Amino acid sequence: MTSTADGTGLDAVGTDIVGTDDVSLERELDQLLAVERFDPPPDFVSRWYRPADAAAAAADPPAFWAEQARTLLDWDTPFTTVLDDSNPPFYRWFTDGRLNVSANCLDRHVAAGRGDKVAIHWVGEEGERRRVTYSDLLADTQRLANGLKELGVGKGDVVGIFLPMIPEVAVAMLACARIGAVHNVVFGGFAPSAVRERMEVSDAKVLITVDGARRKGRTAPVKEAVDAELGDLKALEHIVVVRSTGIAAPIREGRDVWYHELLERADPVAPPEPLDAEHPLFILYSSGSTAKPKGILHTTGGYLTGATYTHRLVFDLDADSDVYWCSADVGWITGHSYIVYGPLSNGATSVMFEGAPDYPDRDIWWKIIEECKVTIFYTAPTAIRTCIKWGPQYPGRHDLSSLRLLGTVGEPINPKAWLWYHKVIGGGRCPIVDTWWQTETGAILISPLPGVTSTKPGSATTPLPGIFPALLSEDGQPVTEGTGVLVITKPWPSMLRTLYRDDERYVQTYFSRFGRDVYVVGDAARLDADGYFWIIGRIDDVINVSGHRLSTAEVESAIVSHELVAEAAVVAQSDEQTGQAIVAFVTLTGNQSGDDATIAELREHVATRIGKLARPKRVIWADDLPKTRSGKIMRRLLRDIAEGRELGDVTTLRDPDVVAALAGKVAQADADE
Ligand code: PRX
């Protein structure tokens, strides 16, 4: 899957937003920019929101969450303890309860007579269709659960999953959940070396992958690439291979097994294992401020409560009639919570699309929406901006009248893109939910509620019931209006429990700045006079490219691992298309000077070390980097240089001339572009 692009399915495209071809649309959007707030459409009545809920959640948050957990989920053993907060920040929810996530996502719907209902409408790259019902999913999940047991996987063992967007990815996750194995999904766009790192640090016992992955008409071998990187991993005992494309895949006798053969010989019945509410459900590696990715750990009861509750409420889900589509990749938290667990737990019908948004043509998303009669569509701002660039003629080819609700996630949405989404895709009638959350939060925390909250383009608006965000100044004082550091002041069920095998880093990263009971998000935000949150962006060394988190340190270490490179510093530059883009300042070894071919080589090197999405957009050759007298690289100055801003204080630099030289180079490069 090295050939797959980022989680929105977008390949890198140019950066100019040329607006639309349609002058009157452009004018209309410009006029709409003056509208500060959009009231909920009068005919849109929220199915699930009760004003009393907000009051109940405010009065007694644990009691409110207990009520959600009890009503939304089936428990094998009901819990009596709601929240154990005796040892912050190691919060535990519903501790003495037992349940199984796969039973909640599958068995209970089948038992209620909804087995024939389509769970996943799968759309392949070449237009192939698969209708996977709840009964189908349950049957395969049971067989794979038994197959995994046959391979020696037990409760608490880690299973890696490196699969493209095919229904088997959901089966793999659910089969793990069924037997209490902990899944560790790696985004298909990551390079096999990134898969290796994630398997190694989590001691994965089994990896479920695929023969090959399709991308825009081409097929890339995956199993072969995986073998080259992971062949010698000690803890990895077996590799299960899904036959998806038919491309040749090496199978090592004794270690590797075909998925279909494993399922064929497995017992069809695998009763779901009742698991403690705090039993680990999955690890998902995400970027932090060091080169080492953070293994974010989510557990069973609290996570499923959050995913189920928010999916139903925020998307106003009517499981009987809606067709829901989230265009993210399962390899990200958005895919975990809003492609797999939330929708399946709620018994929804979803679309799952294998391909890219511009193959075979740039109207493929809108064609799918028309053909599958999608009612709820959830995507990323960067995808919307790309569609704007392509022009309204592509959605214009299709009847999008089935849509009734739109969502965005992953990065701030600029008001113009919001308005285009609202007008061109939503026909001016669909509420937009700009959902703010993170891998760590497990579920949406700040978002408008459709039919309830007035929206302001660019603002994620207000917290959901039971969630208590606040802004603090640098010295920890509450900010009631203005900008500050975003924190969450009370625990919530779907919060991460720790960083896998690194409790200390968990405390240090999230709970050290303002005390052990204040979760520090890592974002800055603005709070307006109406109490609306406007997310500004990350305050740590994390870059958000097209809604994907990348750590500067991770990209830097990939660059310096190239033999020609002496030193590298990576910063973010704002980018109209991708939100932020990666700029790398690079010093080469010896007296070498870089040229375009070296830039191409470095970008390719990063692609093979991390994945295509981490390739720097710009590489600036530097004779030296701005450093303090103690040798620390001043990234703040590099950011100023990249953005063409007035330089801040340079007096602490060892050699102040370095920045002037770099600024000159960047200005020259800008002029050349
Ligand atoms: O900076 C925020 C941004 O994405 C970060 C979380 O990234 P990740 O863990 O990869 O999860 C992405 C999908 C949930 C946040 O710290 N972010 C996410 N949603 C929004 C956002 N920024 C602004 N508005 C949003 N709606």
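In what follows, every heavy atom counts, from backbone to side chain, and hydrogens, waters and symmetry copies are set aside. Keep in mind it's a predicted model, so treat the numbers as computed, not measured. Atoms within a ligand are numbered from 1 in the order they appear, just like the ligands themselves. Throughout, numbering of the chain's residues begins at 1 and tracks the sequence.
Environment of CD in E643: crowded, with over 12 heavy atoms of neighbouring residues, nucleotides or ligands closer than 6.0 Å.
Note: F190 and F162 fail the aromatic proximity criterion, with ring centroids not under 6.0 Å apart. In summary, the aromatic rings of H336 and H298 are positioned with their centroids too far apart to meet the 6.0 Å limit.
Contact shell of ligand 1 (protein heavy atoms, cutoff 4.0 Å): I333, T334, V409, G410, E411, P412, D434, T435, W436, W437, Q438, T439, D523, I535, R538, N544, R549.
In this structure, W492 and Y519 have perpendicular ring planes: the angle between them is above 60°, well past the 30° mark. The aromatic rings of W418 and F38 lie tilted to each other, with the angle between the two planes from 30° to 60°.
D503 pairs by the salt bridge (charged side-chain N to carboxylate O under 4.0 Å, His left out) definition with nothing, not counting sequence neighbours.
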